[in-house]
Structures are given as structure tokens and as C-alpha cells.
Protein chains: 2
Amino acid sequence: MLDVRRLRLLRELAHLGTIAAVAEALSFSASAVSQQLSVLEKEAGVPLLERTGRRVVLTPAGRNLVRHAEAVLERLEQAGAELAHAREGLAGPLRIGTYPSAARAIVPAVLAELAGWHPGLEPMVTEVDPAEVAAALRAGELDVALVHEYDLVPADPEPGLAVTRPVFTEPMYLAARAPGTVADQRAEPWILSPPGTLCHSMAVRACESAGFAPRIRHRIDDFATVLALVAAGQGVALVPHLGIDRPPPGVVLTRLPMYRRTRAAFRAGAGAHPAISAFVSALHTAVPAPLRNSA
Amino acid sequence: MLDVRRLRLLRELAHLGTIAAVAEALSFSASAVSQQLSVLEKEAGVPLLERTGRRVVLTPAGRNLVRHAEAVLERLEQAGAELAHAREGLAGPLRIGTYPSAARAIVPAVLAELAGWHPGLEPMVTEVDPAEVAAALRAGELDVALVHEYDLVPADPEPGLAVTRPVFTEPMYLAARAPGTVADQRAEPWILSPPGTLCHSMAVRACESAGFAPRIRHRIDDFATVLALVAAGQGVALVPHLGIDRPPPGVVLTRLPMYRRTRAAFRAGAGAHPAISAFVSALHTAVPAPLRNSA
DNA sequence: CGCTTCTCGTAAGCTGGGCCGATGCTCGAC
DNA sequence: GTCGAGCATCGGCCCAGCTTACGAGAAGCG
């Protein structure tokens with residue numbers, strides 16, 4: 001019988017790429033992960049990893065085994081969810097991950113709603129870099145997370161995770177010192193999020209589809225700061241609805257036909273977990289009506 | 001994350017009924033099983049076992065968890081089967097269980113066939129009481145087993161196990177000192193298998209459907225002995241085709257419109273295991289044509 | 001070309017999870 | 001009542017699996 005703990009390591013390896021990253025994510029030493037994977041390989045009787053240079057990549061047999069591991073872990077997650085269901089009186093910690101603007105604009109109301117429904121629940125919110133949220137969920141550091149996607153940036157489904165339908169959809173705004181379209185800002189300096197982020201790709205693609213490449217002056221992730229810079233005449237920017245909270249005077253916001261959608265994500269199989277489904281419900285009710293995606 | 005080893009104990013408990021039996025089946029001490037189940041219950045947070053008198057029964061939550069355990073174990077079995085597929089050159093032990101008459105009449109030819117196909121395979125045959133074959137498969141003491149059923153005795157599917165379609169079907173014969181039907185033997189003494197066996201139920205029902213209850217004189221499981229007793233005038237009996245090997249003189253066999261069907265059984269998920277599917281194929285080719293169930 | 005850095009593997013040592021055996025308790029059979 | 005079957009608990013032991021330390025090989029860089 002294959003050992004599920006070892007299969008889990010293999011799965012994380014498939015997602016994270018290096019043994020060191022797996023060790024980091026699961027709070028082990030790299031040595032332990034290496035040893036356990038060696039044992040797994042031995043009892044599999046088939047090479048699962050190919051040592052290539054100083055890295056390691058999965059063989060086809062290894063990738064195949066990961067598929068099974070995903071299925072097994074999903075089913076175990078389901079079993080855990082059903083047990084939580086059977087435990088009446090929702091209680092205990094619920095670790096929530098979120099991106100920054102939702103943390104400020106939405107999450108407090110969601111927590112208040114949730115506290116009213118289930119006083120025993122202890123929600124713990126962590127602001128998480130969207131790039132790391134999937135790994136954090138899989139590693140069990142988070143139970144549920146708010147994730148977002150832009151029309152222009154297709155979000156590929158993460159294996160091992162599941163997402164809800166969009167909970168709310170925000171329009172995007174062009175923030176400038178005067179009304180106008182994206183195309184009008186061809187010559188202006190732009191304020192974007194740091195490269196590698198979804199927001200960055202989104203802004204670049206929006207400009208590209210307007211026919212130009214943005215001249216990037218500042219790289220700022222916080223929308224309040226972005227708006228302050230816009231007010232100071234430092235450039236123009238694209239800002240989602242939730243990022244706009246009492247905009248400074250002088251900033252003109254033009255609504256665009258572009259949207260950012262937010263969903264809840266969790267480990268596959270955990271959708272039936274009562275704490276998670278309660279969180280999702282609270283999310284739906286706490287979202288301001290204009291943004292809400294009704295079922 | 002729930003521990004699969006513990007879930008396995010719970011599943012065995014669901015099938016075997018007592019902790020002591022689980023310990024016996026999996027070669028643990030009862031103490032170890034009890035401790036592990038306690039831990040499982042603790043981390044489940046829900047009562048899984050109900051101590052009732054000196055026994056223990058599963059709660060609804062426990063039974064529910066067993067369903068998940070079955071699914072997980074099945075998937076792990078599949079994963080193991082795929083790995084075995086990837087290991088080219090079928091080799092290693094294959095533990096085969098069989099009921100006695102097949103062991104004598106069919107299995108030698110199957111093993112010969114199999115040895116020709118896969119010289120590296122080391123089949124190990126064990127004669128197993130049909131009542132225990134399911135537990136032995138689940139406990140991992142056997143990999144595949146020949147099991148049979150009678151028309152008159154419906155075989156309910158074993159959870160956690162899978163069976164092939166019938167590999168061969170034997171007619172049943174009435175063994176007596178003169179030709180005749182079952183109904184003709186109303187007054188004769190009967191030779192049956194020991195009570196509790198499938199063969200016993202089969203014979204009793206056959207007589208019942210002929211309108212009488214058999215007067216049981218001898219309880220013998222070995223068909224060669226049964227035929228010798230029939231020849232000696234000690235009674236009449238129902239014997240399947242495979243149980244008839246050079247019948248002693250004086251025995252008259254009358255073919256009946258009743259059948260015994262033989263299938264291969266294995267752990268759910270292991271159907272794709274190359275050694276098991278090779279065994280099933282060898283079984284099909286080694287069975288004498290008149291009995292064979294072609295696809 | 002040598003230095004650093006990163007990653008993986010191996011060796012050695014320690015710790016605690018989990019097993020066993022013994023004991024005690026409770027229930028049911030006789 | 002007595003006995004045995006079955007389960008829980010306690011004490012003790014052992015090895016699976018972890019950490020730390022070290023070494024080897026590959027990439028990047030001046």
C-alpha cells in the first residue's frame with residue numbers, strides 16, 4: 001500500500017518544482033523530503049524523479065502517480081469535511097487568505113457576518129501574495145482564500161484546488177487628472193503594480209489592446225498610494241473598484257468596460273466543509289449589492 | 001489530514017465486527033488497533049465507535065467515514081496497479097486464493113499457462129475457505145481469488161472488492177445410484193457440505209424448490225469423498241462438474257439445469273494490475289472449452 | 001578559471017509515535 | 001456464581017523518520 005504522506009510530497013513537488021520548495025512549504029528539512037521521496041520511489045519500483053543537473057523533474061510515471069495522489073487527497077479532504085459537518089456547533093480556527101484590497105474593503109464585514117452566525121468559529125485572516133496562495137492552500141497553511149482574476153488575464157485552474165463561481169465583480173477605473181479613455185493616455189507615464197503580478201499583466205494588456213505599450217514610471221502595489229500619486233500628477237493608473245476608498249481630490253475616475261472577478265478558493269474536496277461554505281455564504285451576503293454576483 | 005492507515009483499520013472493523021478480528025486479520029495486537037482507532041476518533045472529533053456491552057459498533061458517522069476510506073483505498077490500489085504496469089517485466093509474488101475443487105481441477109493448468117507468459121511471476125496458491133476469502137483479500141494476504149456462486153444463492157457484492165464477469169460456468173449433477181431427478185430423491189438420505197457453506201445452502205434450496213427438505217446424513221466438503229459415499233450407497237448428493245474426476249463405478253450422474261459460476265475477485269482498484277489481469281487471462285484460456293464463458 | 005550559490009544526496013544521531021504484553025473492567029453465556 | 005470474550009489502559013521498548021552536518025555536482029558571475 002502506497003503511503004499517502006509520501007504521495008503528498010510528490011504532489012507538492014509536481015507543483016513547486018524543487019525538493020527545497022516542498023520542504024519549505026511543508027516545514028520539513030530538505031533532507032527529510034529527499035529521503036521520503038527516495039523511499040516512495042523504491043516502493044514504487046519505477047523511477048519517479050529524474051535527476052537533471054541540480055534539479056529534479058518528474059518522470060511520466062511520476063506525473064501519473066501525482067494524478068492518483070490528487071484524487072486520494074481530494075477524497076480525504078471530503079471525508080474531513082463530512083466529519084466537520086457531523087460535529088455540530090461550528091467551532092475552531094478557519095484560516096483565511098486574502099489579497100490586500102479585499103482585506104481592507106470586504107473581509108471585515110464578512111467576519112462580522114460570520115461571527116454572528118457561528119460565534120465559536122475563530123477566523124484568522126492572512127494577507128497573502130496571490131502568487132503563493134495556491135501553495136499555501138495545498139500545504140494546509142490556509143483553509144480558504146479570496147482570489148481574483150481579470151478578463152484580460154485568463155486564470156488557469158490550479159490542480160488540487162477548487163474555486164467557487166465569482167462572488168463579486170468589480171469594474172475597473174482609469175485614474176487620471178482628467179476624463180478620458182485608456183487610448184488617450186498613450187503619452188502619459190503609468191503607475192503599475194510590480195512586474196509578475198496579475199495587476200501588472202492586466203494593465204499592460206489593457207494598454208496593448210488600446211494599441212500602445214505603457215511607459216512605466218512607478219511600480220506600486222497599494223491602490224491608495226497609487227491614487228495619491230495620480231493626484232500628484234505622477235501618472236495614470238488602472239484601479240479596481242475595491243481599491244478606491246475616498247479618492248484624493250484631483251483624481252478623475254473613468255469607468256471602463258473591464259472587470260475584476262473575485263472567487264473563493266480551497267482544497268479540492270473541502271467545498272462541503274461547513275466552515276468554508278459558511279464563509280462563502282457570509283461573503284455573498286456581506287458584499288455590497290452593486291458588486292454582488294447573484295446566483 | 002486523516003491518516004489512511006487508521007482509516008483502513010476502521011474499514012476492517014466495519015467488515016469484521018470486532019477489534020480483535022481486525023487485529024488478527026492485519027497481524028497486530030488488539031491493543032494497537034484499539035489505540036489507533038482511539039486516535040482516529042479523537043482527530044475526527046466525532047464518535048465513530050459506540051461501546052455497546054463488550055462489543056463495539058460503528059456510529060453513522062463511522063459508517064460514513066468507511067465509505068470514504070473505501071474510495072481512498074480503491075484509488076491507492078489503482079495507483080499501485082499503474083505502477084506495476086509501468087514496471088516492465090512482470091515479476092514477483094502473486095498470491096492466489098482458491099476453493100478446493102478449482103485448486104485441483106483448474107489451477108494447475110492456469111499456473112502452467114501463466115508461467116509460460118511471465119516466467120518471472122511467482123504465483124503462490126492458497127486454498128481458502130470461501131467465507132474468509134473476502135477478508136483475506138482486503139487484508140492484503142491474497143491478491144486475487146477464485147470465488148463461486150450458485151444460481152440459487154445470490155452472492156451479494158463485497159464492498160472494497162471487485163469481481164470479474166463469470167470465467168466459467170459448470171453444470172451441477174445429481175449423484176445417485178440410479179438415474180432420476182432431485183424430486184425423486186425425496187426419501188433418500190443426502191450428503192451435503194457442512195452447514196454455513198454456500199454448497200450447503202445451494203443443496204438445501206434445490207431440494208426445497210423440488211418440494212421437500214433433505215434428510216441429511218453426512219456432512220462432507222470433499223466431492224471425491226462424497227462420490228465415494230454415493231457409490232457406497234450412503235446417500236445422494238449434488239456435485240458440480242469440477243468436483244467429478246473419475247467417478248467411482250456405481251455412481252450415476254444426472255445433469256441438472258443448475259449452474260455454479262466462478263469469477264475472479266480482487267481488491268477494488270486492482271483490476272488493472274498487470275499480474276492480476278494476466279492471471280484472469282490465463283484463467284480464461286486454461287478453462288476447458290465446454291465450461292468457458294466467452295466474452 | 002575560481003568563487004559563490006543553489007540543490008540534492010548521504011551519514012550519523014536523536015526522539016517520539018506506535019507497537020506489544022500485562023492488567024483490569026464489563027458484559028454475556030452457562 | 002464462574003468463566004471467557006472483548007475492549008481500554010498502562011508501562012516499556014524500538015525503530016521510522018526527523019534534524020543537523022557534510023559532500024558532490026551544476027549553474028551563475030566576475
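Proteins come first, then strands; the chains are lettered A, B, ... in the order of their sequence lines, and each starts at number 1.
- Taking atom CG of residue B/Leu58 and atom P of nucleotide D/dC7, one finds them 12 Å apart after rounding to whole Å.
- Among residues at least two apart or in separate chains, side-chain hydrogen bond (donor to acceptor under 3.5 Å, both in side chains) pairs with a member in residues 12-25 of chain B are B/His15-B/Glu70.
- Here B/Arg51 reaches the OP1 or OP2 of D/dA8: one of its side-chain N or O atoms lies under 4.0 Å away.
- Taking the six-membered ring for Trp and the full ring otherwise, B/Tyr99 and B/His148 have centroids separated by under 6.0 Å.
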### Task
Would you please test B/Leu94 and B/Ile276 for side-chain contact (heavy atoms from CB on, under 4.5 Å) and show each step?
CA-CA 8 Å; B/Leu94 174 68; B/Ile276 292 178; 4.3 Å; yes
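- For B/Asp3 and C/dC19, the CG to C1' distance is 15 Å, given to the nearest whole Å.
- The closest side-chain heavy-atom distance from B/Leu76 to A/His68 is not below 4.5 Å.
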### Query
Reading nucleotides 24-30 of chain C from the 5' end, what letters show protein touch, with B for base, S for backbone sugar-phosphate only, - for no heavy atom under 4.0 Å?
---BS--
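- Salt-bridge check for A/Asp143 with A/Arg267: passed, with a basic side-chain N closer than 4.0 Å to an acidic carboxylate O.
- Regarding B/Leu37, its CG atom lies at a distance of 14 Å from the C1' atom of C/dC19, rounded to whole Å.
- Atoms CD (A/Glu24) and C1' (C/dC6) sit 14 Å apart, rounded to a whole Å.
- Per the geometry, CZ belonging to B/Arg55 stands 18 Å off P belonging to D/dG4, to the nearest Å.
- Between B/Trp190 and B/Phe212, the angle of the ring planes lies from 30° to 60°, which puts this pair in the tilted group.
- Atoms CZ and SG, on B/Arg215 and B/Cys207 in that order, are 11.5 Å from each other to the nearest 0.5 Å.
- Taking atom CD1 of residue B/Ile19 and atom C1' of nucleotide D/dG6, one finds them 9 Å apart after rounding to whole Å.
- A sub-4.0 Å separation between OP1 or OP2 of D/dC18 and a side-chain N or O of A/Arg5 is present.
- Listed in residue order, the members of residues 27-36 of chain B having a heavy atom less than 4.0 Å from DNA chain D are B/Ser31, B/Ser34, B/Gln35.
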### Query
Hey, mind stepping through B/Arg67 and B/Glu74 against salt bridge (Lys or Arg N to Asp or Glu O under 4.0 Å) and telling me if it holds?
CA-CA 11 Å; B/Arg67 283 186 26 247; B/Glu74 175 168 351; over 6 Å; no
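- For the pair A/Leu49 CG and C/dT7 P, the interatomic distance rounds to 16 Å; values are reported in whole Å.
- In this structure, B/Arg6 CZ and B/Lys42 NZ are separated by 10.5 Å, a value rounded to the nearest 0.5 Å.
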